[in-house]
Amino acid sequence: MKDYLEKLPKEILDLVYLARDIASSNDMPVYLVGGFVRDLILGVKNLDLDIVVEGSGIKVAEDFAHALNAKLIRHRRFGTATVILESHLKVDFSTARKEYYPKPAHLPVVAPGSLKDDLFRRDFTINAMAISLSSENFGKLVDFFSGRDDLRKKKIRVLHDLSFIDDPTRILRAIRFEKRYDFHIEPKTLKLLKEAVKGKYLERVEPQRVRDDLILMLKEKEPLKEIKRLKELAGLSFLHPRLCVYARNYKLLGRIEEEVSWFENSHFYRRPLDAWVIYFMGLLDCLSPRFTRVVCRRLALRRGEEKRILNAKKHTGKLIASLSRPDTRPSKIFALLEPLSYEEILLIKAEYRNASVQKHIEDFFEIYNGMRILITGDDLRRLGLAPGPYYQKIFTRVLNAKLDGEAPNREVELALIRRLIKKR
Ligand code: ATP
């Protein structure tokens, strides 16, 4: 795999060479593993270096961080460490380990092991390859489970029959990789997956672990494909017994994809967008606010995430009458949309295809949301107004006038505040 490694961006290749040098000075075999190896062979960009050490992952990570003067986070209990570089690149180190699952769907018991043990505990053959970084066989592919052949044949295959029962979150991971790479879950793996679904093993997993994999799914490029396959293979009752997705929900999810890409291709946004939250809103569309809250709480979503998801359920209906009228004034549109999260606004845009709703929301993002008034607190002070809560009221009135096209320049803004002060 040397030739593959040499094609890496220089910054990454330098890190690989550094790991090799540290491995040889510590006399510990060191390997690149997991998704990085998979993507290297596929030619897909992946900057998350994942390194396994037969010996001590923490010791190699310490030397690595020291050499780069980088930040190191150790997890001694797990024998793992993460080095975070100034460039925000992240390198994960772990000590080779074996795992066994005393109870299905619960966390495994872990003990030090060989590279082969470490690869055998992984989810799929395509994620269970390693590349040696030791000087004597630098670049050699270690592939005990024919992962490379499965990559070639585009197959998702588990490493043993109990894989989905040990860790049912692999059901979500199988679907995620299948749809991401346009692979297929090979027949025996599919059979094992369906048996685990039938045995309701997903319901036994700690909900936060389901949440993490579900969020990763919704962060993929085409979440609609993922959700369709999830429904087909696992159903959705593991999230809530009443959760159902019909043709109209798929339609909504498809529109959400369009709106997210519209938003991301424009450059007017001022806050980052959590696109997965909108897909999650779409996914839970058929649930009442009460059951939606139950799902959010069970999955222990963050407070801000839960709030956005519930707000979308409760409040959007009330805004639609005003948004649907072509003659609603910009100041009114701004007042309605400004308190909402971007995720809620884009959900409305996906849900209501009425031309006025579309136009008002586009104007909100493109024009109103960035509009600033020209007068400042200094202007108000100069006009003799003592600082206080009234300032905010004046600013709002001036901004509304500007939004409605009634205050095109600073002079008109000043004239307006003079009138407002007089009326007080
Ligand atoms: P992505 O490209 O989405 O980041 P990844 O394969 O790098 O995918 P991670 O979640 O970062 O995925 O996991 C790194 C590696 O750890 C995987 O490639 C796989 O070998 C292993 N792994 C992760 N989750 C599991 C799991 N639930 N069961 C077994 N092995 C896992």
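Indexing begins at 1, ligand by ligand and atom by atom, following the structure's order. This one's a predicted model, so the numbers in the text were calculated from it and none came from an experiment.
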Open item on the list: At less than 4.0 angstrom from any atom of ligand 1, which residues have a non-hydrogen atom? List them by chain and residue number.
Closed with: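 Residues within 4.0 Å of ligand 1: G34, G35, R38, D50, R121, R122, D123, N127, D167, T169, R170, R173, R176, F177, R180.
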
Open item on the list: The test is side chain to side chain donor-acceptor pair (under 3.5 Å); show your working for S163 and D166 and say whether it passes.
Closed with: CA-CA 5 Å; S163 189; D166 284 345; over 6 Å; no

Can you give the donor-acceptor pairs under 3.5 Å from side chains of residues 200-209 to other protein atoms, not counting sequence neighbours?
| unit_1 | atom_1 | unit_2 | atom_2 | d |
| --- | --- | --- | --- | --- |
| R209 | NH2 | D167 | OD1 | 3.0 |
| R209 | NH2 | D167 | OD2 | 3.1 |

Open item on the list: Given 3.5 Å as the limit, does a donor-acceptor pair link the side chain of K313 with the main chain of L284, or not?
Closed with: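 Yes; judged by distance alone, with no hydrogens or angles, the pair exists.
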
TODO: Return yes if some donor-acceptor pair links the side-chain N/O of T125 with the main-chain N/O of S146 below 3.5 Å, else return no.
DONE: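 No; zero donor-acceptor contacts below 3.5 Å.
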
Open item on the list: Checking side chain to side chain contact (heavy atoms under 4.5 Å, CB included) between I156 and each of I126, I175, D150, which is the one that passes?
Closed with: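 In the set I126, I175, D150, the residue that makes a side chain to side chain contact (heavy atoms under 4.5 Å, CB included) with I156 is I126.
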
TODO: Look at the aromatic rings of F124 and F164 and report parallel, tilted or perpendicular, splitting at 30° and 60°.
DONE: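 F124 vs F164 ring planes: tilted.
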
